[in-house]
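First up is the structure itself, then whatever we jot down about it.
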Amino acid sequence: MLLLPCPWCGRRNADEFGYVGEVVARPDPAATTPEEWRGYLYLRANRADWTTERWFHRMGCRRYFTVDRHRTSGEVRR
Amino acid sequence: MRLDPQPGEVIDRSRRLRFTWNGRPFEGYAGDTIASALAAAGVRVFSRSLKYHRPRGLLTASFHDPNCLVQVGDEPNVRAAHRLLADGMEVRAQNVWPSLRRDLKAANDRIGRFLPSGFYYKTFMRPRRLWPVYERVLRRYAPGGSVPRSAPPATGWATKRFVHADVLVAGGGPAGIAAATAAARAGARVLLVEEEHHLGGHLRWGGEAELARLRELRTALAAEPGVETLTDAVAIGRYDDNGVGVVHRDPDGAERLVKARARVLVVAAGLIERPYVIEGNDLPGVMLSTAARRLANLYAVKPGDRAVVLTANPDGDAAIADLKRIGVDVAHVEDARLGGDLHRILGGGFVGGGGRRTVRGVELPDGRRIDCDLVVTATGWTASTALLDMAAEPAKLSGAYRAPTRNAPDNSVGYDPIAARFRPDPDRLPDSVLAAGGVVGDGSTEDLVEHGAAIGEEAARRARGGSARRAPVLGVEEHAELFQGRTHGIVDHAEDVSSKDLVGAVREGYGAIELAKRYTTATMGPTQGKLESVNTVAIVAAATGRSIAETGRTTSRPPYAPVTLGALAGPHREPVRRSPMQSWHEAHGATPLVAGQWIRPDHYGDPAAEARHVRERVGIIDVTPIGKLDLRGPDVPRLLELVYVNKWSKLPVGKVRYGVMCAEDGVVLDDGVVGRLDTEHYLMSTTSSGADRVAEWLELWLQTERPAWRVHVTPMTTAYASINVAGPYARDLLRRLVDGIDLDPEAFGYMAVRTGRLAGVDDCVVWRIGFTGELSYELHVPSGFGPHVWETLLERGEDLDVAPFGIEAQRILRLEKGHLIVGQDTDGLTRGHAAGLAGLVKLDKADFSGRPELAWEAAFDHPRLVGLRPADASTVPHEGCQLIDEAGRIRGRITSSRMSPTLGRAICLAQVDADLAEPGTEVRVRLVDGDTAAAVVTEHLAAVDPEGSRLRV
C-alpha cells in the first residue's frame, strides 16, 4: 500500500485517505459552455504518467492536498 | 517406520498424541506434522490429484507440499506436511469419493486422454442452456475440503496487527538469521518472519556441523532484543513502499494478518528444490532429496526401504548418505553430473500400506529395471524470488519511467543458465529491498551467513537514512539444466498438468508463457509456481524452440502462498452510533431501526397513533442523528451562498433558513437548515446520513477553490443531543422548560432561532421549524444533558399528554406535509428543478455549486416531483412502483407512500415526466402484483395543510 505525504501528518498509509481525483480547473460558471463544464465534471486524462491528484486525509487531519503521482509505478512526489 | 532418535529431530518422544486419519486411530509425537506422523505409521498416500484423482504421496514434505492438503475437523485445505499434530485431531483426505483408497473419480485417470488442457473450455460451452446441468455435475468434481458452517470458527475471528519495522527479514534460514542479527546489532528494530515452525532453514536437516552452526546462530539471535521473530508466519506479498503482508498463525491456531511496513526489506527466502519431470514422477514414493532428509532427520521417519536416487548436486549426495545411515537400501544411484538419468518411474501393485498405486521401480535409459519403493531426485533449485518480483519500484523510476517489458515485469530477476534458475540481479533492486543468501546465489554455510550479515548491516544503514551502498554479492556454482527427462511427466502436481499438456498447448498456439499458463493452468494451483515454474518455462521453451531467457517468466503476484479468507477478512466490525437517549427508548418499548450508522427508535408500538398524537396534542422525537456543523468566521455567508442553491447573504441574526445543496452536476446532494446564532456564528443541519459528506464538501471548497475565505467548520453532530417538540401544544410544553427565551409568537416566530437555558441546561440552541407540518421547536442540548431534557419534557408535559414518537411517525407526518427526503424522493440523477425546488434555485446568483447545470436544466423538460392521490384510498402502492402510460412505457415512479392517519387515505410523492406533472393529470401505477391502479396528480406536494397555517401559529 502506498504511503502518502500528508502536509500535516507526514507519510501515512493510503487507506487513511480519500481519493478525490485528478486536479482539474473549474471553469467560470457564468461563462462556461456545456462541453467545457461537462469536461470538468466527467473527463479525466488518466494518463500512464505523472498526474497531479488531490487526496483527503479523511482518517487523520482532514486536510485536502495535492501530490504528483506516477500512475504506473505509484511513485509520489510533492 | 519411526527411527531411533536422530540428532536434529524436532519431535518430543515423551509426548504421544492420538488422532484419526479417515476415521482410523493413529499416534504421533508432539512436534510431528500431520504428515510425518502418518508417514511414520507407514501411510504413503495422502490425497488424490486434482483432475485425474491419482494417488499422491509426500513430494516436498514441507510447507509447500502440493500433495497433502487435508481436512482437519471443520478446517479445509490444511497443509499436512506443515501443520503440527495436536491431540484429538480428526484428519480426513480431501477430493476423494467415497474414500481415499477407493476413489471412483479415479476413472478420470483412465479417460485422461479425453481430458486434455482446455477440456472444460471446449466441452461445457455448448449448448449454453445446458450449463446449469454441467455446473451441478462439475461442482462435485471441484477439489478442496468442506468449508466450516460455524461462524466464528473455533479459533475465533482472525485479528490484525500493524508492525513498523526498520528492517523486515523474510526467511529464517542461515542468511536470514544472520541478517536479522546483524541489523539488530547495528541498532535496527527487526521483524524476522519464517514460514516454518523453526528457524534454521536447510541447516536443520543437515549433519552435525550444520546443527552446531545453527545453535550458534540461534544463540546470537536470541541475544538481540531488537529482533522480533515470528514463526509459522508467511510473508504473502510486498506492496508499494515496502508494505508487507504477513499471515501469522499462533500455536493455538488463531490466525493474524500482520500489516508490516518496513524501511528496508531483506528477502532471504532461499531456494526451493525442483521436481524432475519424467513418467511416473507423481507416484507416491517419489520425493525430493530435501523431503527424504526432512523426514529422516527432523521426524526420524524412514521414507522407504529400497531407494533409487537421481542426484545432480551435493544435496542429493547428502541424501544418499542420510538414507544409508538410517538403513535404507540404496539400490541404485544415477549421477546426472556423469550423464546419469532415469527413463521412467514404474508404479503399481499394493506396495506399502494404504494406497493402490505407489512406486514399484525405475527403468533406466538402457532399459534396465530396478525394483524400489522410494525414488529420490535432486536435480536443481528454484530461487524463491516472489517477494522481489512484487510491487512497483519507485526508487528506480526517478526521471524517465521505464515501462515494464512483457516478459520481465521488473527487470531485476533474470534467467542464469549457469545456475539453471531465475536469479535476482541485486544491483537492479530498489534501494529499500535487499536479497540475502540462497535466493541470490550459492555458497557454503559460512558464505551464506557472511552474506546475510553483510546484507543485514547494509539494511540497518539504509533504514537509518544512509545512502545505498552496493550490496555484497554471492557467487553461483554451476548447475545442470535438468528439467525434463526423456519421458513425459507431471509438471504441476497441484493442478495435475503434465509436460504433454504444455507441449499440446504450444501446438495449439499458446506458446507465449502467460498463455500456456492460463490454458493449461500450470503454476496456477496452491503451489503458485514455487515448485513448477522453472520446469514449465523450460518445457514451453523447448517446445517453441526458444531459449528460457526469451520465453521469460510468468508474473508473481500476491499472495505468495494460499491464505485463508478469514485471515484477510478479520473480525466483522460495524460500529453503531447511539444517541444519549437510546437507552431510554429501549427501556420504553421502542422498536429499533438501524438507519445508516445509527440505531434509532422506529416506533413505540403504534406509529399511526403517534402521528395522530402529534397532529392533535404534542410529541417529542429524538433527532440526534441530524448532522450538525458549527460554522464560524466572517466569510460564512459567502460559503453558504456557494454551497446552497438559494440566497443567504441577508439572513439576520436569530433567523433560520432552509437550504438545498446541489453537486457540481446539479444533482441534489443534501438539505437542511442553517441558523445564524451570532454575527459570525452559524449552526448548519444536514440529513442524518449526510453529515460526514457535507462536512467534507464544505472543507473541499474552503481548502481548494476558496482558500482565502475565513471559515471554521466543526462537526458537532454528537456534541448535541437533539429533540424535536411538535404539535399544537409544543409551545405550552416548551414554556415550562425555557429560562430567558421569549417563546411568544411575535418574539420567536416561525424560522427563528434562539440560544439559552433549557431545563437548567446552558448553551442550548432552539429553532422553530416544521418538518412535521406542526408548530415545532427543535432543541439542541449539550449531549450529556440529552436524557435530562428528554425526561423533563415528559414530566412537565404529563398533563398535556406529551408522548414520544419515532421515525416512522415522523416519515408519515412529513409525507402528509409533502416535505421531500433527499435520497428517497430524489436519486443520483435528480437535479434541483426535478426535486420540485425550482422556486429555491436562484440563478441570478453569479456562482454556486452546480449553477451551470441547473441553468441548463431549467431551460429544458425535466422530471418533476408531484403529489399523487390514489383513486383507491385504501391501497398504498409500494415505494418504487412504476408509473406507466397507455402503451405501458415507464413515465415515473412512486418515491414515497404511506397511509395518512390524518386523512384516512393513501398518499404518495412521485417523480413523473414533465407532461404528466399538471395537477389533475391521471396516471396509472403498476403495482407489485402486476395490477395497475389509477391515481391523480395533486395540486400541492402537501396533502395536509398546504398553506402552512399550522406551522405559523
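What you see below is based on every heavy atom in this structure, not just the backbone, and it leaves out hydrogens, waters and symmetry mates. Every chain is numbered from 1, with letters handed out A, B, ... down the list of sequences.
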* Asked: Does a salt bridge link R26(A) with D847(B), judged by any charged N lying under 4.0 Å from a carboxylate O?
  -> yes

* Structure fact -> Bottom line for R11(A): the part with an atom under 4.5 Å from chain B's heavy atoms is side chain

* **CZ/R706(B): more than 12 non-hydrogen atoms of other groups inside 6.0 Å** => yes

* Asked: Would you call E696(B)-R58(A) a salt bridge at under 4.0 Å N-O?
  -> yes

* Between the side chain of D241(B) and the main-chain N/O of L2(A), is any donor-acceptor distance below 3.5 Å? -> no

* Please say whether more than 12 non-hydrogen atoms of neighbouring residues, nucleotides or ligands are located less than 6.0 Å from CZ in R69(A). => yes

* **Considering all heavy atoms, the nearest Y64(A)-W697(B) contact** => OH-N, 4.4 Å

* Structure fact -> Applying a strict 4.5 Å limit to non-hydrogen atoms, the region of D28(A) in contact with chain B is neither

* **From OH (Y40(A)) to CG (D665(B)), nearest 0.5 Å** => 10.0 Å

* Give, for atom CG of N13(A) and atom CG of D240(B), the distance between the pair rounded to the nearest 0.5 Å. => 11.0 Å

* To do: Count the heavy atoms belonging to other residues, nucleotides or ligands that lie under 6.0 Å from OH of Y42(A), then report whether that count exceeds 12.
  => yes

* **Residues E853(B) and R38(A) bridged, charged N to O under 4.0 Å** => yes

* Should the heavy atoms of other residues, nucleotides or ligands under 6.0 Å from CH2 of W856(B) be counted, would the total exceed 12? -> yes

* Structure fact -> Applying a strict 4.5 Å limit to non-hydrogen atoms, the region of P34(A) in contact with chain B is both

* Asked: For T66(A), is it the side chain, the backbone, both or neither that has a heavy atom under 4.5 Å from a heavy atom of chain B?
  -> neither

* Nearest heavy atoms of P29(A) and A846(B), plus distance in Å -> CG-O, 4.4 Å

* Asked: Contact part of Q703(B) toward chain A, heavy-atom cut-off under 4.5 Å: side chain, backbone, both or neither?
  -> side chain

* So which of E664(B), K259(B), E705(B) has the biggest tally of heavy-atom pairs under 4.5 Å with chain A? -> E664(B)

